[in-house]
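What follows is a single structure, written as structure tokens, with notes after it.
All ligand and atom numbering here is 1-based and tracks the order in the structure. What you are looking at is a predicted structure, and each value in this text was computed from that prediction instead of being measured. We use all heavy atoms of the structure for the numbers below, so side chains are in, but hydrogens, waters and symmetry mates are not.
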Amino acid sequence: MTSFFAVPPLQEINSAIAHQNNVQLYVLRLDLIHPFVNGNKWFKLKYNLEAAKAQNLTKLLTFGGAYSNHIYATAATGNLFGLQTIGVIRGEQTLPLNPTLDFAVSQGMQLVYLDRQTYRTKQTAELQASLKNRFGDFFMIPEGGCNLNGVRGCTEIISNSASLIKDDFDMICLACGTGTTLAGVALSLRPKQLLIGFPVLKGGEFLKPEIETLLAEYLSSDLPIPGDKNISWELIHDYHFGGYAKVNEELVTFQKEFEKLYKIPLDYVYTAKMFYGVMDLIQQRYFNNCRILLIHTGGLQGNLGIEKRLKKRLK
Ligand SMILES: *Cc1c(COP(=O)(O)O)cnc(C)c1O
């Protein structure tokens, strides 16, 4: 199953400001593991696919917004492994399809639209039953791949590249949406490592209890725990730039500069915000004398939609 995927390269960022503060920065490029199923989404899908297979189900159904990286990755994964996929999309259909949904359809995904109010009821037995009525038996993956299977896959993000990561990092940084990836990485930490999550949603304070619940559920399951049991993690809430998928001039300039300097493309929704935050915190001397691993969680497909929006704004 993993043979489709490359081991992600580990790339050093030679930044003057980091050197001045004695910070060593490395990026784990999950954006390069596969051309379509890139980033953390593969890790969140992996054990969901295995669970579907164990139940002899060949149809996956999942949920997401119209620009969702998770929808994109699920469609591509289904195509790769010969599974049918159904994407339940929040909101009305707009034509022509945006690049994300256009790609999903090209991978064989069947799209269904739910108005926002109905979408909010997606976890109810009633809606699940109506979907079963319509599509027959399927394996349901929650929005964003946020379940224990998703967490389990993410416990392998770092060990998957163990051959590269010989150094002991003091800190590991990543961007958070649902916090599933953070929970998985947290369960793989070595003693004394600190994991820092950068929520990309405004008012992301709700995330802490949700991550705590995910971790507690995982720890009380019999799923494998590769790391130290004394997990230390925190969230830094100062870099959401106004909320989910919101961008401003400053972020766009940073993204462009960063790519030019270090040859690392960043997506605007997640990784650009986290990288901006880390560089800013080094500048503020919040981080110094340490070795930091930044996880590039991918998501670059989303830039197509955002860049279209930015162009419109400039007109
Ligand atoms: C989905 C996504 C995240 C957030 O992952 P969670 O597990 O939901 O916290 C981070 N980065 C990128 C690029 C993503 O697509």
Side-chain angles (χ1 to χ4, degrees), residues 8 27-34 36-48 62-77 99-100 103-104 141-158 172-188 195-201 204-215 218 233-237 239-241 243-245 247 251 255 258 264-278 294-306:
V27 183
L28 184 63
R29 302 279 310 266
L30 300 185
D31 57 315
L32 296 176
I33 60 174
H34 189 275
F36 305 130
V37 195
N38 70 33
N40 59 341
K41 297 299 183 276
W42 162 242
F43 290 90
K44 295 205 271 185
L45 286 169
K46 183 179 169 190
Y47 287 102
N48 279 302
T62 195
F63 302 87
Y67 293 91
S68 162
N69 293 331
H70 169 69
I71 288 290
Y72 186 97
T74 305
T77 305
T100 305
F103 173 84
I141 304 175
E143 185 177 47
C146 181
N147 60 11
L148 293 189
N149 290 322
V151 174
R152 181 179 180 190
C154 293
T155 67
E156 297 176 2
I157 287 177
I158 290 182
I172 295 160
C173 295
L174 47 74
C176 295
T178 63
T180 313
T181 308
L182 183 141
V185 172
L187 292 160
S188 71
L195 177 61
I196 303 176
F198 291 77
V200 300
L201 286 112
E205 284 71 17
F206 70 88
L207 206 55
K208 190 166 179 257
E210 286 190 3
I211 294 172
E212 281 165 351
T213 305
L214 258 185
L215 283 170
Y218 194 97
W233 61 278
E234 61 183 49
L235 299 175
I236 294 182
H237 292 283
Y239 297 98
H240 57 67
F241 286 80
Y244 186 76
V247 296
L251 188 70
Q255 193 269 4
F258 196 88
I264 302 178
L266 300 172
D267 82 295
Y268 292 109
V269 180
Y270 293 99
T271 51
K273 294 181 180 181
M274 185 270 282
F275 277 68
Y276 182 104
V278 171
L294 307 174
I295 301 185
H296 190 318
T297 39
L300 294 163
Q301 68 87 21
N303 283 6
L304 282 174
I306 300 243

Revision key, fill the gap. Across all chains, not counting sequence neighbours, the ring pair (Phe, Tyr, Trp, His ring centres under 6.0 Å) partners of Tyr218 are none
Review point. Please walk me through it: do Glu156 and Lys46 pass salt bridge (charged side-chain N to carboxylate O under 4.0 Å, His left out)?
Key: CA-CA 10 Å; Glu156 297 176 2; Lys46 183 179 169 190; 2.5 Å; yes
Exercise for review: Specify the protein heavy atom at minimum distance from atom 7 (O) of ligand 1: its residue, its atom name, and the distance to 0.1 Å.
Suggested key: Thr181 OG1, 2.6 Å
Exercise for review: Assess the pair Tyr268 and Phe241: is the distance between their ring centroids shorter than 6.0 Å?
Suggested key: no
Check your understanding: Side chain or backbone of Asn69 under 4.0 Å from ligand 1, or both, or neither, by non-hydrogen atoms?
Key -> side chain
Practice item. For residues Ile306 and Val269, report the shortest heavy-atom separation together with the two atoms involved. Key: CD1-CG2, 3.8 Å
Exercise for review: Enter the distance from Ile157:CD1 to Leu187:CG here, rounded to the nearest 0.5 Å.
Suggested key: 11.5 Å
Study note, to complete from the structure: Near Thr178 (heavy-atom distance under 4.0 Å), the atoms of ligand 1 are 6 (P), 7 (O), 8 (O), 9 (O)
Exercise for review: Could you tell me whether Asn40 approaches ligand 1 through its side chain, its backbone, both or neither, with non-hydrogen atoms closer than 4.0 Å?
Suggested key: side chain
Review point. Which residue supplies the protein heavy atom nearest to atom 2 (C) of ligand 1, what is that atom called, and how far is it?
Key: Lys41 NZ, 2.4 Å
Revision key, fill the gap. If you scan protein heavy atoms around atom 13 (C) of ligand 1, the nearest is Gly298 O, 3.2 Å
Practice item. Number the atoms of ligand 1 from 1 as they appear, then name those within less than 4.0 Å of a heavy atom of Cys176, with their elements. Key: 9 (O)
Check your understanding: N/O to N/O below 3.5 Å, does that happen between Thr271 and ligand 1?
Key -> no
Point to revise | Contact check, Ala175 vs ligand 1, heavy-atom distance below 4.0 Å | key: yes
Practice item. Return yes when Leu182 approaches ligand 1 closer than 4.0 angstrom through a heavy atom, no otherwise. Key: no
Check your understanding: Is Gly299 close to ligand 1, meaning an N/O of one under 3.5 Å from an N/O of the other?
Key -> no
Point to revise | Leu235 and Phe198: CA distance, side-chain angles, deciding distance, side-chain contact (heavy atoms from CB on, under 4.5 Å) verdict | key: CA-CA 6 Å; Leu235 299 175; Phe198 291 77; over 6 Å; no
Point to revise | Set of residues satisfying side-chain contact (heavy atoms from CB on, under 4.5 Å) with respect to Ala76, sequence neighbours excluded | key: Phe36, Val37, Phe103, Gln107
Practice item. Apply side-chain contact (heavy atoms from CB on, under 4.5 Å) to the pair Asn149 and Leu45, showing each step before the final yes or no. Key: CA-CA 8 Å; Asn149 290 322; Leu45 286 169; over 6 Å; no
Practice item. Run down the list Tyr270, Tyr72, Tyr268, Phe43 and name the one with the heavy atom closest to atom 12 (C) of ligand 1. Key: Tyr270
Check your understanding: Looking only at distance, does Gly177 have an N or O less than 3.5 Å from an N or O of ligand 1?
Key -> yes
Practice item. Measure from the side-chain N and O atoms of Lys273 to the backbone N and O of His240, and report whether any donor-acceptor pair falls under 3.5 Å. Key: yes
Check your understanding: At the 4.0 Å heavy-atom cut-off, does Lys44 count as touching ligand 1?
Key -> yes
Practice item. Could you tell me whether ligand 1 has any atom less than 4.0 Å away from a heavy atom of Gly39? Key: no
Revision key, fill the gap. Here the atoms of ligand 1 under 4.0 Å from any heavy atom belonging to Thr297 are 10 (C), 11 (N), 12 (C), 13 (C)
Exercise for review: Examine the side chains of Thr100 and Gln301 and answer whether a donor and an acceptor come within less than 3.5 Å of each other.
Suggested key: yes
